[in-house]
Number of protein chains: 2
Amino acid sequence: MARPSDSRQRLLDAALDLIWTQSFEGVSVDQICERAGVNKGSFYHFFPSKSELAVAAYEAGWQEWKLQYDAVFSLQSTPVQRLLDWGRLIRKHQQEIAAKYGRICGCPVSSMGTEMAGIDEKLRHVCQDLFERDLRYLESTIREAQTSGTAAPGDPHAIASSLQALTIGMLQQARIRNDLSVLDPLEESVCRLAGIPNPSR
Amino acid sequence: MARPSDSRQRLLDAALDLIWTQSFEGVSVDQICERAGVNKGSFYHFFPSKSELAVAAYEAGWQEWKLQYDAVFSLQSTPVQRLLDWGRLIRKHQQEIAAKYGRICGCPVSSMGTEMAGIDEKLRHVCQDLFERDLRYLESTIREAQTSGTAAPGDPHAIASSLQALTIGMLQQARIRNDLSVLDPLEESVCRLAGIPNPSR
DNA sequence: GCCTGAATATACTGACTGGTCAAATCAATT
DNA sequence: AATTGATTTGACCAGTCAGTATATTCAGGC
């Protein structure tokens with residue numbers, strides 16, 4: 001009985017695009033609908049509110065992003081290699097996004113999370129949650145590197161947390177300066193923080 | 001002939017407060033006026049637009065912040081001590097702000113910069129500019145630490161840039177999680193990045 | 001005491017906001 | 001072919017937005 005439709009998916013895509021390149025409050029429901037080629041009534045057929053659309057869009061975005069994360073953090077490669085691949089993935093991804101949108105966009109979770117943390121508790125929590133998932137990859141990698149003796153000792157949670165903060169901070173600077181070269185010191189600094197020898201020198 | 005008034009200053013204060021705790025687009029001119037106890041007509045007497053008010057508010061905010069920076073980065077103390085004091089200043093400041101507003105607010109420059117980078121070129125540039133001023137303190141401190149032999153060698157600009165990114169990233173995480181303990185690994189990670197021995201262990 | 005211009009006050013604009021609604025459409029099931 | 005219900009449509013709210021217009025107030029210089 002259902003009429004097949006990709007309107008819902010188009011709304012998710014449009015929302016992520018627009019919120020990422022601009023901001024949550026800077027983008028109107030009308031804009032999202034126009035980009036998605038969907039009428040406003042349909043919007044509210046699929047989602048109860050603008051916030052709920054954002055929640056769904058970010059959750060869906062993570063599902064895609066997760067595929068690449070699982071590949072990079074594959075247990076097939078050494079912990080050190082995973083960390084380096086992770087940096088490469090981030091840089092490559094930012095390049096693609098910049099080519100698509102014409103400017104450096106940084107991390108969408110960080111952008112919307114910062115913007116909405118003091119305004120919308122639900123959105124704040126979604127972003128916190130996504131960061132925690134990201135953190136788990138890093139923490140277990142650090143832990144494994146330490147037990148295998150390739151990384152200097154230190155609290156794995158604190159180190160992973162620092163790695164995440166460093167990366168997010170760099171992505172944010174890249175967005176504000178609209179310049180990807182901000183990411184240049186990433187690998188070197190990751191190695192220093194994680195206490196592993198830098199393979200590139 | 002001028003009627004003395006502190007309306008302008010009250011508008012600057014109100015704007016910084018509201019934009020910091022919420023966001024630029026999430027705060028209306030009416031709200032800013034109400035908080036400042038000023039009528040809308042007066043607002044547009046002093047500032048041509050909401051954006052220009054934000055520019056002025058952030059510039060004025062930096063002037064205050066600069067005093068504390070100059071104290072912390074005084075040439076009286078050793079480079080290492082400056083870096084540690086810097087971390088302490090940031091933590092102390094966040095505590096005060098959190099006590100004032102009831103939640104962790106993070107870095108106002110980073111928040112507004114991220115939000116408006118893709119929307120308002122002027123605001124983007126103001127934030128970029130403020131970060132560059134911050135970076136100069138760090139870079140010259142790193143350089144001095146290296147020449148005095150207390151820090152391991154490495155490109156001072158890249159290291160300072162990483163220190164800045166780490167801090168901004170942590171502040172952002174603290175804002176999103178509304179939890180100051182995110183800053184706990186700050187000193188340790190600063191030492192690792194800067195290549196200096198950690199005095200606290 | 002009058003003039004000048006900075007400062008205040010408030011009503012107003014037109015565009016836009018997030019969200020609602022009832023009627024229309026259409027594919028799949030029966 | 002009739003029924004069903006997911007989907008679409010576009011008009012439509014009431015409220016808010018940034019910014020404007022205009023009249024008024026008031027302190028200092030003369």
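Labels below follow one simple rule: chain letters A, B, ... track the order of the sequence lines, proteins then strands, and each chain is numbered from 1.
- Distance H45(A) NE2 to dC21(C) C1': 14 Å, rounded to the nearest Å.
- With sequence neighbours excluded, no residue forms a salt bridge (charged side-chain N to carboxylate O under 4.0 Å, His left out) with K92(B).
- A side-chain donor from one of Q128(B) and R124(B) sits under 3.5 Å from a side-chain acceptor of the other.
- Residue pairs that meet the ring pair (Phe, Tyr, Trp, His ring centres under 6.0 Å) test with at least one member in residues 115-146 of chain B, sequence neighbours left out, are Y69(B)-Y137(B), F73(B)-Y137(B).
- Contact check, Y44(A) against dT20(C): no side-chain N or O comes under 4.0 Å of OP1 or OP2.
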Check nucleotides 10-13 of chain D against the protein and report each pair of N or O atoms closer than 3.5 Å, with its distance, or say if there are none.
{"unit_1": "dG10(D)", "atom_1": "OP2", "unit_2": "N39(A)", "atom_2": "ND2", "d": "3.2"}
{"unit_1": "dG10(D)", "atom_1": "O6", "unit_2": "G41(A)", "atom_2": "N", "d": "3.2"}

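- Counting to the nearest Å, the P atom of dC17(D) and the NZ atom of K50(B) are 8 Å from each other.
- For K50(B), there are no salt bridge (charged side-chain N to carboxylate O under 4.0 Å, His left out) partners, not counting sequence neighbours.
- For S28(A), the side chain to side chain contact (heavy atoms under 4.5 Å, CB included) partners two or more places apart in sequence, or in a different chain, are D30(A), Q31(A).
- Every pair tested for salt bridge (charged side-chain N to carboxylate O under 4.0 Å, His left out) that includes a residue from residues 99-117 of chain B fails, sequence neighbours excluded, so the list is empty.
- Residues passing the side chain to side chain contact (heavy atoms under 4.5 Å, CB included) test with A54(B) are I19(B), F24(B), M112(B), L123(B), sequence neighbours excluded.
- In this model, a donor atom of one side chain and an acceptor atom of the other lie less than 3.5 Å apart for S148(B) and T150(B).
- When rounded to the nearest whole Å, the span between CZ of F47(A) and P of dT8(D) equals 12 Å.
- Contacts classified as side-chain hydrogen bond (donor to acceptor under 3.5 Å, both in side chains) and involving residues 151-162 of chain A (residues at least two apart or in different chains) are given here: E139(A)-H157(A), S162(A)-S189(B).
- Evaluation of the ring pair (Phe, Tyr, Trp, His ring centres under 6.0 Å) test over residues 26-56 of chain A, restricted to residues two or more places apart or in two chains, returns none.
- Rounding to whole angstrom units, CZ of residue F43(B) and C1' of dC17(D) are separated by 12 Å.
- Residues of residues 111-123 of chain A that place a heavy atom closer than 4.0 Å to DNA chain D do not occur.
- The stretch residues 8-37 of chain A comes close to DNA chain C through V27(A), S28(A), V29(A), D30(A), each having a heavy atom under 4.0 Å from the strand.
- Put simply, S49(B) has no side-chain N or O that comes within less than 4.0 Å of OP1 or OP2 on dA18(D).
- Partners of S74(A) by side chain to side chain contact (heavy atoms under 4.5 Å, CB included), not counting sequence neighbours, listed by chain and number: Q76(A).
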